[in-house]
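Take a look at the structure set out below.
The basis for the numbers below is simple: all heavy atoms, side chains too, and nothing from hydrogens, waters or symmetry mates. First the proteins, then the strands, lettered A, B, ... as listed; each starts at 1.
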There are 2 protein chains.
Amino acid sequence: MFSVSARTQYAIRAMAHLAGGEGHGATSAEIASAEGIPAKYLEGIMSRLKLSGLVESERGKHGGYRMIGEPEDISMLSIVEAMDGSVKPVNCVDAVGTCSQGNGCLPRQFWIGLKKAIDNYLEEHTLKDVTEG
Amino acid sequence: MFSVSARTQYAIRAMAHLAGGEGHGATSAEIASAEGIPAKYLEGIMSRLKLSGLVESERGKHGGYRMIGEPEDISMLSIVEAMDGSVKPVNCVDAVGTCSQGNGCLPRQFWIGLKKAIDNYLEEHTLKDVTEG
DNA sequence: GTATATTCCTACTATCCAGATAGGGATATG
DNA sequence: CATATCCCTATCTGGATAGTAGGAATATAC
Ligand code: FES
Ligand code: FES
């Protein structure tokens, strides 16, 4: 239950690899090889990381990816959301009025609370926590 | 991300229905009809709830299901686990030694922390919270 | 003891999606 | 021009989830 996608786990490893490399940079192929991630699959992951503003890229020879900012400033939540979107236990957490009970719907309050508990934990922890402790 | 299965949501509605009924009891067909849950699908759900010790059952005429205990004593975690097993963000949370880093593996510590955050929230909340507030 | 209402069991189908692959286009270097 | 890289789109596949089908076991009622 509540298992994390392989994509997210790959993304964390990729970011950790960037954090460890000099200048916080590396090519997609390098990361794939070093971390044992399917190269073509990783390309899509790096693309998402870029869309979310976690890395920047340069094409052509001597191109590659570089982390934006420092590991201690990159929350795990930002990585998770970059891969699979925001935490949403049930659809109605951000769609008020879908059920008859309106805003006072107790199950909805319960799920929103769960979302917050998860979001808080992920927001409190950064890339640094999973690389250096 | 981290979406809850329809099965779990059905199970909560079913338990809430039992909690509301007199003697905390009802038949599967009653619940299905009242809550708008596919009848045959619900049968499997009730079976799981029974296996987990959350309800008891009686067959034959005048049979049905009855909640064991009171709503305030039934944690949401117990319902979630009855449906989809224990919270396990990644496989290695309960399988130490799968990765090279052994027990000090930082990502593992991170995921275990997430599991605990989720478990705590779900354990703290009971069926009563989603029915009466 | 037959009809009926229920839980219980096994198997099947359909649909979706994560994971992965394939092929090539765009762009920068040299 | 040759090469290395990021980038885009399409496709395949396995497994899981949601739901269906049919009936066996069991308890009650008349
Ligand atoms: S708003 Fe989702 S159950 Fe009421
Ligand atoms: S034990 Fe899971 S990543 Fe190390």
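Atom NE2 of H62(A) is separated from atom P of dA2(D) by 19 Å (rounded to the nearest Å). In this structure, CD of E43(B) is placed 8 Å from C1' of dC8(C), rounded to the nearest angstrom. With rounding to whole Å, M1(A) atom CE is found 9 Å from dT17(D) atom P. At whole-Å resolution of the value, OH in Y65(B) and P in dA5(C) are 17 Å apart. Rounded to a whole Å, the NZ atom of K40(A) is 9 Å from the C1' atom of dT21(C). Counting to the nearest Å, the P atom of dT7(C) and the CD1 atom of I45(B) are 14 Å from each other. Put simply, CD on E30(B) is 12 Å from C1' on dA5(C), counting in whole angstrom units. The distance from atom OH of Y41(B) to atom P of dT20(D) is 10 Å, rounded to the nearest whole Å.
E43(B) and S28(B) make their closest contact through CG-OG, 3.9 Å (heavy atoms, listed as atom of the first residue, atom of the second, distance).
The side chain of S57(B) places no N or O atom within less than 4.0 Å of a non-bridging phosphate oxygen (OP1 or OP2) of dT6(C). Remark: K50(B) is in phosphate contact with dC8(C), judged by side-chain N or O atoms under 4.0 Å from OP1 or OP2. Taking only side-chain nitrogens and oxygens, Y10(A) never comes nearer than 4.0 Å to OP1 or OP2 of dA18(C).
Following chains of ILVMFWY side-chain contacts shorter than 4.5 Å, one cannot reach L106(B) starting from V93(B), and the two form parts of different hydrophobic clusters. Note on L127(A): it clusters hydrophobically with I112(B), by side-chain heavy-atom contacts below 4.5 Å among ILVMFWY residues.
Residue contacts for G44(A): at a heavy-atom cut-off of 4.0 Å it reaches no nucleic acid atom on any strand shown. Looking at heavy-atom distances under 4.0 Å, S47(B) makes no contact with the nucleic acid at all.
Between R59(A) and M46(B), the one whose closest nucleotide on DNA chain C sits nearer the 5' end is M46(B). Both G60(A) and R7(B) lie close to DNA chain D; mapped to their nearest nucleotides by heavy-atom distance, the more 5′-ward contact belongs to G60(A).
Among the nucleotides dA18(D), dC8(D), dA20(C), the one closest to any side-chain atom of A6(B) is dA18(D). Checking dG19(C), dC6(D), dA29(D) against the side-chain heavy atoms of S5(A) singles out dG19(C) as nearest. If you check dG19(D), dA29(D), dA4(D) against the side chain of K61(A), the one that comes closest is dA4(D).
Distance alone, capped at 3.5 Å, places no donor-acceptor pair between the S52(B) side chain and the L49(B) backbone.
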Should R48(B) and L54(B) be marked as a side-chain contact (heavy atoms from CB on, under 4.5 Å) after you check the CA-CA gap, both sets of side-chain angles, and the distance that decides it?
CA-CA 9 Å; R48(B) 286 179 187 241; L54(B) 293 174; over 6 Å; no

